[in-house]
There are 2 protein chains.
Amino acid sequence: METKPKVTIDDVARKAGVSKSTVSRIINNVTGVKPYTKLKVNRVIEELGFTPNITARSLKTKLSRQIALAIDDIRNPYYPELAWAAEQVAKENNFRLVLINHYGNPSEELAVIKEASDMRVDGIVLLSISHPKTLTKVIKEAAVPVALIGNYPEDMPADWVGLRENEGYLAMDHLIRIGRRRIAFAGNTTLHRGDRYTAYVQSLASHFIDFNRSLVYTGERLAIDTGLEAARYFYHLNEKPDAVFAANDLVAIGVAQGLIGLGLRVPEDVAVVGIDNIPWCTLTTPKLSSVSNLVAEMGRIAVEKLILRIGEESKAYERIVLEPRLIVRESTVKQM
Amino acid sequence: METKPKVTIDDVARKAGVSKSTVSRIINNVTGVKPYTKLKVNRVIEELGFTPNITARSLKTKLSRQIALAIDDIRNPYYPELAWAAEQVAKENNFRLVLINHYGNPSEELAVIKEASDMRVDGIVLLSISHPKTLTKVIKEAAVPVALIGNYPEDMPADWVGLRENEGYLAMDHLIRIGRRRIAFAGNTTLHRGDRYTAYVQSLASHFIDFNRSLVYTGERLAIDTGLEAARYFYHLNEKPDAVFAANDLVAIGVAQGLIGLGLRVPEDVAVVGIDNIPWCTLTTPKLSSVSNLVAEMGRIAVEKLILRIGEESKAYERIVLEPRLIVRESTVKQM
DNA sequence: CTGTTAGCGCTTTCAG
DNA sequence: CTGAAAGCGCTAACAG
């Protein structure tokens, strides 16, 4: 590649008739430069199209103004949102984002942290799948600070931002509060997200609503067709539910669309709520009520904390536990 | 941040009793080092946990082994797949991927290209939305090579990989070939992807099948509920279609699920095909036949071309036009 | 307010 | 086969 002959700080200095220190001061906004000199140099910079060589600067300052975002797989549906938010904050603070997929491979993940030692990135935002113990060790050995996304032990040597796991209760509370009593569950009762089912059962109990086995529809995958099947199932019950709590949005969308297809009205006849607040929630008719897991928020906060830590010296690690947020849309409450 | 005292090439040299040139030769696999020396030095490297400072190396070699992926918005559904593929190839070649969203903002996009001049990245993979003329100018001024994804003019000063726009014909050919004649269209007839509707009309014509206005269902958004509505519409026709060509996969999924909900069999009664081959195609029952737009393939190729160009000196620019690929699954052909 | 000077950690001729 | 020395482009004392 016939690289354009790069213009350096020396070129600018020479042409402007000053020393390179002066130029350096100007491009770094160091106070105490005579306005006239500044003007003169800036003109030359403009003229020559000079832009500082960040690599050289990094070598000196030991800061690359790059941070890594290490996640298991960007194709995972939540991550684009997260990556986006992270990049926003990074950009606002003049940092760049390097994307690293570690594929849920612990050794790969740990390698990523070590790699950072070679001074390419100033910090790492990590969604870890490693054992906290191993992770702790590697973080301690790392040359740069790490900010974690997810729920971790209290004593992690890193800032982290996680999420309280009460999404299910939020969704159920909402349905009960709007007066529904025959609330059905659609989804998986055993998956690692089975705690959503637990939330279903416990919410009923704490509101003295009888649990009714026939109102539970279990599907394998938490996808749209499971929701559609659930809708068909609920529709043919003698006593139809007046609300459905779906284990995630995909199922909820299937349920809502399925019920509508069968002639019921949502939310009038049946209210439907999902969990995750995926972008599609606003693309369906009616728009889906859901519980946001604040993935963008977590990305944003993690980067903010990381950048703070890169800047300042040591201070106590922060753990931030976000509260999932219920977002009421048309599938549970008729909008005016 | 109390950075661990970094061990440098000098530390290794001193401890191993050799010069740093020798260490440099060893870590760069330069031939002509006495095996014994090599062994000795490698042991010290291991012992000290030395890893070369890439920033310093970059300053010298003028290569950062980083490439930028500049897209408009990672949250766009195709990009994660693309970003993933790009990162794969990058990693295989020992490059890192820096993610940059330019938000379909031409000036931002062009700024990205210029920024690369500051030597942080060795090349850029770009999904451009700028005018080819402006783009050409900026690319020519850029200090690093650019590889483009999408369809561009022949005379672009960059390698590019695009896609032939015959997805619609592929889908229609398939339906006709499996013997369907009452083929319906579901989607948008005017959108910028309206050429899919054109493909529908022209395919019918070239196979001497009469066009039937009542077999066209037009919805605003290319989303699932449009498909569900279309299904209801088709279901209530006196003469139902025996196949549906949907403008994209979301609509196709809606159509298929809707028809099944109404009691029809897919593909026996109605074959359904979509376009885009989104991951969900394999998550529905039946699995959806679709036309892949090879987004991962494009990401892969773009990075490959870019890396080749970073390595070698000038050579003729390549334009690669990929053929969309029909992927037959259960929604059009009954699987054994 | 500005210039001189000494590196940051590495690669790379050029000698030996 | 190995070492000495120069320098990539920049920043940051330290003098003046």
Side-chain angles (χ1 to χ4, degrees), chain A residues 3-42 44-45 48-66 115-122 143, chain B residues 3-42 44-45 48-66 115-122 143:
Chain A
T3 308
K4 299 273 167 304
K6 220 18 212 126
V7 18
T8 77
I9 197 172
D10 280 298
D11 301 330
V12 175
R14 203 170 313 122
K15 179 140 188 186
V18 297
S19 76
K20 49 185 195 159
S21 341
T22 302
V23 180
S24 173
R25 283 183 191 109
I26 290 167
I27 60 184
N28 289 296
N29 266 312
V30 176
T31 57
V33 179
K34 199 159 62 177
Y36 173 66
T37 318
K38 197 163 181 174
L39 199 75
K40 191 173 58 178
V41 172
N42 272 327
V44 176
I45 287 179
L48 262 40
F50 166 74
T51 130
N53 179 322
I54 308 189
T55 304
R57 177 180 289 169
S58 291
L59 184 57
K60 190 71 192 176
T61 62
K62 304 193 165 315
L63 279 181
S64 66
R65 297 211 79 79
Q66 291 197 144
E115 251 186 63
S117 304
D118 63 22
M119 238 187 68
R120 283 272 27 144
V121 300
D122 299 335
Chain B
T3 309
K4 299 275 168 302
K6 222 14 216 130
V7 18
T8 76
I9 198 172
D10 280 297
D11 301 330
V12 176
R14 203 170 311 122
K15 180 141 188 185
V18 297
S19 76
K20 51 184 192 161
S21 337
T22 302
V23 180
S24 173
R25 285 184 189 107
I26 289 168
I27 60 184
N28 288 296
N29 267 313
V30 175
T31 56
V33 179
K34 199 159 64 176
Y36 172 66
T37 317
K38 196 164 182 171
L39 198 76
K40 190 174 58 178
V41 172
N42 273 326
V44 176
I45 287 177
L48 261 40
F50 166 74
T51 129
N53 178 322
I54 309 188
T55 303
R57 176 180 289 170
S58 292
L59 185 57
K60 193 71 194 173
T61 62
K62 309 204 163 305
L63 279 181
S64 66
R65 298 211 78 80
Q66 292 197 142
E115 251 186 63
S117 305
D118 65 22
M119 241 188 66
R120 283 270 34 138
V121 301
D122 299 337

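Computed over heavy atoms, backbone and side chain alike; hydrogens, waters and symmetry mates excluded. Lettering of chains follows the sequences in order, A, B, ..., and the numbering in each one begins at 1.
One cannot find a donor-acceptor pair under 3.5 Å joining the base of dA12(D) and the side-chain atoms of Ser24(A). Scanning atom types as modelled, one donor and one acceptor separated by under 3.5 angstrom connect the side chain of Lys60(B) and the base of dG7(D).
Whole-Å rounding puts the Leu59(A) CG to dC10(C) P distance at 9 Å. Distance Asn29(A) CG to dT11(D) C1': 15 Å, rounded to the nearest Å. In this structure, Ile26(B) places its CD1 atom 16 Å from C1' of dT12(C), rounding to the nearest Å. Rounded to an integer number of Å, the gap from CZ of Arg14(A) to P of dT2(C) is 19 Å. Residue Leu39(B) contributes atom CG, which lies 15 Å from atom P of dC1(D) at whole-angstrom precision. What separates CG of Asp10(B) from P of dA5(D) is a distance of 14 Å, to the nearest Å. Arg65(A) places its CZ atom 17 Å from the P atom of dC10(D), with the value rounded to the nearest Å. We find that CD1 of Ile54(A) is positioned 12 Å from C1' of dC10(D), with the value rounded to whole Å.
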Stepwise side chain to side chain contact (heavy atoms under 4.5 Å, CB included) test for Ser21(B) and Arg25(B):
CA-CA 6 Å; Ser21(B) 337; Arg25(B) 285 184 189 107; 3.8 Å; yes

May I have the step-by-step check of side chain to side chain contact (heavy atoms under 4.5 Å, CB included) for Val23(B) and Arg14(B), ending in yes or no?
CA-CA 10 Å; Val23(B) 180; Arg14(B) 203 170 311 122; over 6 Å; no

Run Ile27(B) and Val12(B) through side chain to side chain contact (heavy atoms under 4.5 Å, CB included) and show every step you take.
CA-CA 11 Å; Ile27(B) 60 184; Val12(B) 176; over 6 Å; no

Please test Arg65(B) against Arg57(B) for side chain to side chain contact (heavy atoms under 4.5 Å, CB included), starting from the C-alpha separation and ending with a verdict.
CA-CA 10 Å; Arg65(B) 298 211 78 80; Arg57(B) 176 180 289 170; over 6 Å; no

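Nucleic acid contact class of Thr22(B) (heavy atoms, under 4.0 Å, all strands): sugar-phosphate only. Within the 4.0 angstrom heavy-atom criterion, only backbone atoms of the sugar-phosphate kind lie near Ile27(A); the bases stay farther away. Using a 4.0 Å heavy-atom cutoff across all strands shown, Thr8(B) reaches sugar-phosphate atoms only and no base atom. Heavy atoms of Phe50(B) sit under 4.0 angstrom from primed sugar atoms or phosphate atoms, though from no base atom.
Among the nucleotides dT5(C), dT2(C), dC10(D), the one closest to any side-chain atom of Arg25(A) is dT2(C). Side chain of Arg57(B), nearest nucleotide from dT11(C), dC10(D), dG9(C): dT11(C). The nucleotide whose nearest atom lies closest to any side-chain atom of Thr61(B) is, among dT11(C), dC10(D), dG3(D), dT11(C). Checking dA6(C), dC10(C), dA5(D) against the side-chain heavy atoms of Ala56(B) singles out dC10(C) as nearest. Here the side chain of Ser19(B) is nearest to one of dG3(D), dT5(C), dC8(D), namely dG3(D).
The shortest distance between the side-chain N/O atoms of Asn28(A) and the OP1/OP2 oxygens of dT11(D) is below 4.0 Å. Listed pair Lys62(B) / dG9(D) meets the phosphate criterion, a side-chain N or O lying under 4.0 Å from OP1 or OP2. At dT2(D), one or more side-chain N or O atoms of Thr37(B) fall inside 4.0 Å of OP1 or OP2 (strictly under the cut-off).
Two residues, Lys20(B) and Gly17(B), neighbour DNA chain D, and the one matched to the more 5' nucleotide by heavy-atom proximity is Gly17(B).
Here the shortest heavy-atom pairing between Val7(B) and Gly49(B) reads CG1-O, 4.1 Å.
A distance of 7.0 Å separates CD1 in Ile26(B) from NZ in Lys38(B), rounded to the nearest 0.5 Å.
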